[in-house]
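The basis for the numbers below is simple: all heavy atoms, side chains too, and nothing from hydrogens, waters or symmetry mates.
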Amino acid sequence: QVQLVESGGGLVQAGGSLRLSCAASGRTFNSYIMAWFRQAPGKEREFVAAIRWSDGSTYYADSMKGRFTISRDNAKNTVYLQMNSLKPEDTAVYYCAARLGAYLYASYEYDYWGQGTQVTVSS
């Protein structure tokens with residue numbers, strides 16, 4: 001079965017950087033879209049970025065473009081989210097997710113989820 005395990009969250013000052021990792025296991029992900037979502041307290045879960053595993057095509061929420069970069073390492077079966085110029089409003093639990101097939105940005109379209117990793121940005 002599919003397992004997604006996030007790591008790399010933590011406390012960082014505004015303007016700082018973090019790199020999140022999502023280790024994927026349980027099957028071959030070549031036909032999958034891997035995505036990052038985040039959820040702040042009292043808010044809906046929102047799309048951050050996605051990557052097509054097969055060819056590395058990437059997709060970003062408009063508000064993340066230029067600050068966040070999603071990538072994958074085929075050999076390690078791991079997806080990364082590099083986050084730069086972090087702001088207090090980026091504080092949230094960040095989730096890795098996977099779906100088979102085409103890129104979609106709605107969270108309910110994703111079948112597999114990690115447990116989440118907390119990112120806290122202090123001002």
Side-chain angles (χ1 to χ4, degrees):
Q1 68 194 46
V2 173
Q3 260 203 316
L4 304 175
V5 180
E6 302 98 332
S7 61
L11 174 64
V12 64
Q13 287 191 329
S17 298
L18 279 176
R19 189 177 80 158
L20 306 183
S21 299
C22 171
S25 62
R27 62 190 57 185
T28 302
F29 290 92
N30 209 47
S31 299
Y32 279 73
I33 296 290
M34 308 295 294
W36 288 95
F37 289 81
R38 69 184 186 184
Q39 189 165 19
K43 294 192 175 181
E44 298 277 324
R45 191 167 295 189
E46 68 171 332
F47 172 76
V48 175
I51 187 166
R52 182 182 291 124
W53 199 286
S54 58
D55 65 4
S57 296
T58 57
Y59 311 87
Y60 294 94
D62 287 344
S63 59
M64 319 298 174
K65 285 180 184 175
R67 295 194 301 126
F68 292 6
T69 303
I70 189 170
S71 62
R72 85 241 192 270
D73 184 326
N74 288 340
K76 295 183 178 180
N77 245 27
T78 299
V79 176
Y80 302 100
L81 184 68
Q82 177 68 43
M83 305 186 294
N84 298 328
S85 303
L86 283 162
K87 306 173 183 179
E89 50 264 43
D90 294 316
T91 295
V93 177
Y94 284 71
Y95 296 92
C96 179
R99 74 178 307 275
L100 182 65
Y103 158 67
L104 293 168
Y105 61 80
S107 61
Y108 62 81
E109 300 282 1
Y110 285 76
D111 302 308
Y112 305 102
W113 292 86
Q115 82 288 350
T117 186
Q118 176 70 47
V119 171
T120 303
V121 184
S122 63
S123 56

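Tracing side-chain contacts under 4.5 Å through hydrophobic residues (I, L, V, M, F, W, Y), one reaches Leu81 starting from Val12; they form part of the same cluster. A chain of hydrophobic side-chain contacts below 4.5 Å, direct or via other Ile, Leu, Val, Met, Phe, Trp or Tyr residues, connects Leu18 to Trp36. Linking Ile, Leu, Val, Met, Phe, Trp and Tyr residues whenever their side-chain heavy atoms come within less than 4.5 Å places Ile51 and Val2 in a single cluster.
For the pair Gln1/Tyr112, no side-chain contact is recorded, criterion being any heavy-atom separation below 4.5 Å from C-beta on. Using a 4.5 Å cut-off on side-chain heavy atoms (C-beta onward), Met83 and Arg67 make no contact. Between Arg27 and Tyr32, the closest side-chain pair of non-hydrogen atoms falls below 4.5 Å. Side-chain atoms of Val119 and Leu20, non-hydrogen and from C-beta on, do get closer than 4.5 Å to each other.
The two atoms that bring Val121 and Thr91 nearest to each other are N-OG1, 2.9 Å, heavy atoms only. For the pair Glu89 and Arg38, the tightest heavy-atom approach, listed with the atom from each and the gap, is O-NH2, 4.1 Å. Taking all atoms of both residues into account, the shortest heavy-atom contact from Ile33 to Ala50 is CG2-CB, 3.9 Å. Considering every non-hydrogen atom in both Ala23 and Thr78, the closest pair reads CA-OG1, 4.0 Å. In terms of heavy-atom proximity, Tyr60 sits nearest to Thr69 at OH-CA, 3.3 Å.
Using modelled atom types, one finds a donor on one side chain and an acceptor on the other under 3.5 Å when comparing Asp55 with Ser57.
Across Thr28, Asn74, Asn30, a single residue satisfies side-chain hydrogen bond (donor to acceptor under 3.5 Å, both in side chains) together with Trp53, and that is Asn74.
Counting heavy atoms of neighbouring residues, nucleotides and ligands inside a 6.0 Å radius, atom CD of Gln118 exceeds 12 of them.
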Q: Would you check, one step at a time, whether the test side chain to side chain contact (heavy atoms under 4.5 Å, CB included) holds for Met64 with Phe47?
A: CA-CA 10 Å; Met64 319 298 174; Phe47 172 76; over 6 Å; no

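Within the structure, the side-chain hydrogen bond (donor to acceptor under 3.5 Å, both in side chains) test picks out the following pairs touching residues 7-24 (sequence neighbours left out): Ser17-Asn84.
When atom types are taken as modelled, the side chain of Glu6 and the backbone of Gly116 share a donor-acceptor pair closer than 3.5 angstrom.
A perpendicular orientation is assigned to the rings of Phe37 and Tyr110, their planes being inclined by more than 60° (bins at 30° and 60°).
The line from CD of Gln3 to CG of Asn77 is 12.5 Å long, rounded to the nearest 0.5 Å. Here CD1 of Ile70 is found 12.0 Å from CD of Gln82. Values are rounded to the nearest 0.5 Å.
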N/O donor-acceptor pairs under 3.5 Å from side chains in residues 95-108, not counting sequence neighbours:
residue: Arg99; atom: NE; partner: Glu109; partner atom: O; Å: 3.0
residue: Arg99; atom: NH1; partner: Ala102; partner atom: O; Å: 2.4

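With respect to Asp90 and Lys87, no salt bridge is recorded, no charged nitrogen being found less than 4.0 Å from a carboxylate O.
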